[in-house]
Amino acid sequence: MPPTLQDLKTLAYGAGRILRAGFNQPQEVHHKSEIDVVTETDHRSESYLLEQIRGRFQDDHIVAEESGENDGDRARAWFIDPLDGTTNFSHGLPVFSVSIGYAQDGEILLGVVYDPVRDELFSAERGRGAFLNDQPIQAAARAQLRESLVATGFPYDRFTSPVNNLVYFHEFALQVQGIRRLGSAALDLCYVAAGRFDAYWEFKMHSWDLAAGVLIAQEAGALVTTMDGFPEVLTPPYSVAAANPRLHEELLAVIAGVTARPENQAYQAFLAG
Ligand code: IPD
Ligand code: CA
Ligand code: CA
């Protein structure tokens, strides 16, 4: 039996309890790189999710941030970020989530993102709309960047890579009503779904950051593409531009204008894969 949306919700609430219990508690923090950290709570949440999924869906494939690929039948695949927003979490900033997506034959069918601090559960099943705590949600309708609140994020390799998002950030900061860096890509996408953000762009994320949130944003009526306008956001090189369909056009036009500048060849190469 494939999982139901209710199965994903139950898993997200379980992981959310673990995140809440670990928040603001002393714990070991390991550095994956100078600025990319992982806490005991990331591992605890992931172990819980893997154990639950393996117990009930033994043959499924699981892609999880801290343990990588857990081999199974790739036609039935889970994408797990046990704690999205670890930097916030490790600083006591209450903005983080757990993200769980489920795909069949490469297509995401179910997605749940849970913010345990606000007790906000975002969910979607393909073709059935998007919900926040079981109330339907919709992307905002604003059609102009000038009146929009937009979100983005910066990659962990930004000290060493010239492809660090600062050129797009600079341009958008001069064109939008407001710009935010929340620190949880999964919540960024859900906030687009809920109309809290009008648009979101980012790159160099991973499938576990995106799988659930992309479906939730799409089911809420947002258009989600790569930053160069292609629909395949869940394959490398990961990049996302999400907004309601009218605003999306302007979002992509601004991105394209920045990318095309001769000094931004490294960005052109990155987006071309
Ligand atoms: C990160 C967050 C952040 C985004 C990074 C992600 P993590 O996930 O979603 O907002 O900018 O690209 O890697 O490391 O907190 O799970
Ligand atoms: Ca993440
Ligand atoms: Ca994570």
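Since this is a predicted model, take the numbers as computed values, not measurements. Atoms within a ligand are numbered from 1 in the order they appear, just like the ligands themselves.
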Decide, yes or no, whether a salt bridge links [X] with [Y] under the criterion of side-chain N to carboxylate O below 4.0 Å.
X: R146; Y: E250; value: no
X: R20; Y: D119; value: no
X: R44; Y: E66; value: no

Purely on distance, is any nitrogen or oxygen of [X] under 3.5 Å from one on ligand 1?
X: K204; value: no
X: A186; value: no
X: T86; value: yes

Using distance alone, with no hydrogens and no angle criterion, decide if [X] and [Y] have a side-chain donor and acceptor under 3.5 Å apart.
X: N165; Y: T152; result: yes
X: D42; Y: T86; result: yes
X: S161; Y: N164; result: no

Grouping I, L, V, M, F, W and Y whenever their side-chain heavy atoms are under 4.5 Å apart, do I80 and L215 come out in a common cluster?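 No, it is not one cluster - the side chains of I80 and L215 are not joined through contacts under 4.5 Å.
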
Hydrophobic clustering (ILVMFWY, side-chain heavy atoms < 4.5 Å, transitive) - are V98 and I18 grouped together?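 Same cluster: I18 reaches V98 through Ile, Leu, Val, Met, Phe, Trp or Tyr contacts under 4.5 Å.
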
Please list, in number order, the atoms of ligand 1 under 4.0 Å from a heavy atom of D81.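 Result: 16 (O).
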
At a 4.0 Å threshold, what atoms of ligand 1 neighbour a non-hydrogen atom of A185?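 With A185 as reference, the close atoms of ligand 1 come out as 2 (C), 9 (O), 10 (O).
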
I'd like to know whether ligand 1 has L83 as a neighbour, heavy-atom separation below 4.0 Å.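 Distance cut 4.0 Å: L83 passes for ligand 1.
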
Heavy atom of G183, distance to ligand 1 below 4.0 Å: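 For ligand 1, residue contact (heavy atoms, under 4.0 Å) with G183 is present.
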
Give me the nearest non-hydrogen protein atom to [atom] as residue plus atom name, then the distance to 0.1 Å.
atom: atom 8 (O) of ligand 1; answer: D84 OD1, 3.0 Å
atom: atom 14 (O) of ligand 1; answer: Y156 OH, 2.7 Å
atom: atom 15 (O) of ligand 1; answer: G85 N, 2.7 Å

From the candidates E66, R158, E202, E65, the one that places a heavy atom nearest atom 11 (O) of ligand 1: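 Going through E66, R158, E202, E65 one by one, E202 has the nearest heavy atom to atom 11 (O) of ligand 1.
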
Please classify the D209 to ligand 1 contact at 4.0 Å (heavy-atom distances, strictly less than): side chain, backbone, both or neither.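 The answer is the side chain.
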
Have a look at ligand 1 and work out which part of S184, if any, has a heavy atom under 4.0 Å from it: side chain, backbone, both or neither.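 Backbone only; the side chain of S184 stays clear of ligand 1.
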
Any chance CZ of R246 has more than 12 other-residue heavy atoms, nucleotides or ligands included, within less than 6.0 Å?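 Result for CZ/R246: open.
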
From the options Y200, F96, F122, F197, select the one residue that forms a side chain to side chain contact (heavy atoms under 4.5 Å, CB included) with L187.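 Of the listed residues Y200, F96, F122, F197, the side chain to side chain contact (heavy atoms under 4.5 Å, CB included) partner of L187 is F122.
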
By residue and atom, what protein N/O/S atoms are less than 3.0 Å from the Ca ion (ligand 3)?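 You should have found E65 OE1, D81 OD1, L83 O.
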
Indicate the ring-plane relationship of Y168 and F203, choosing parallel, tilted or perpendicular according to the 30° and 60° boundaries.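 Ring orientation of Y168 relative to F203: perpendicular.
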
Can N70 and W78 be said to form a side-chain hydrogen bond (donor to acceptor under 3.5 Å, both in side chains), step by step? CA-CA 10 Å; N70 296 259; W78 296 72; over 6 Å; no

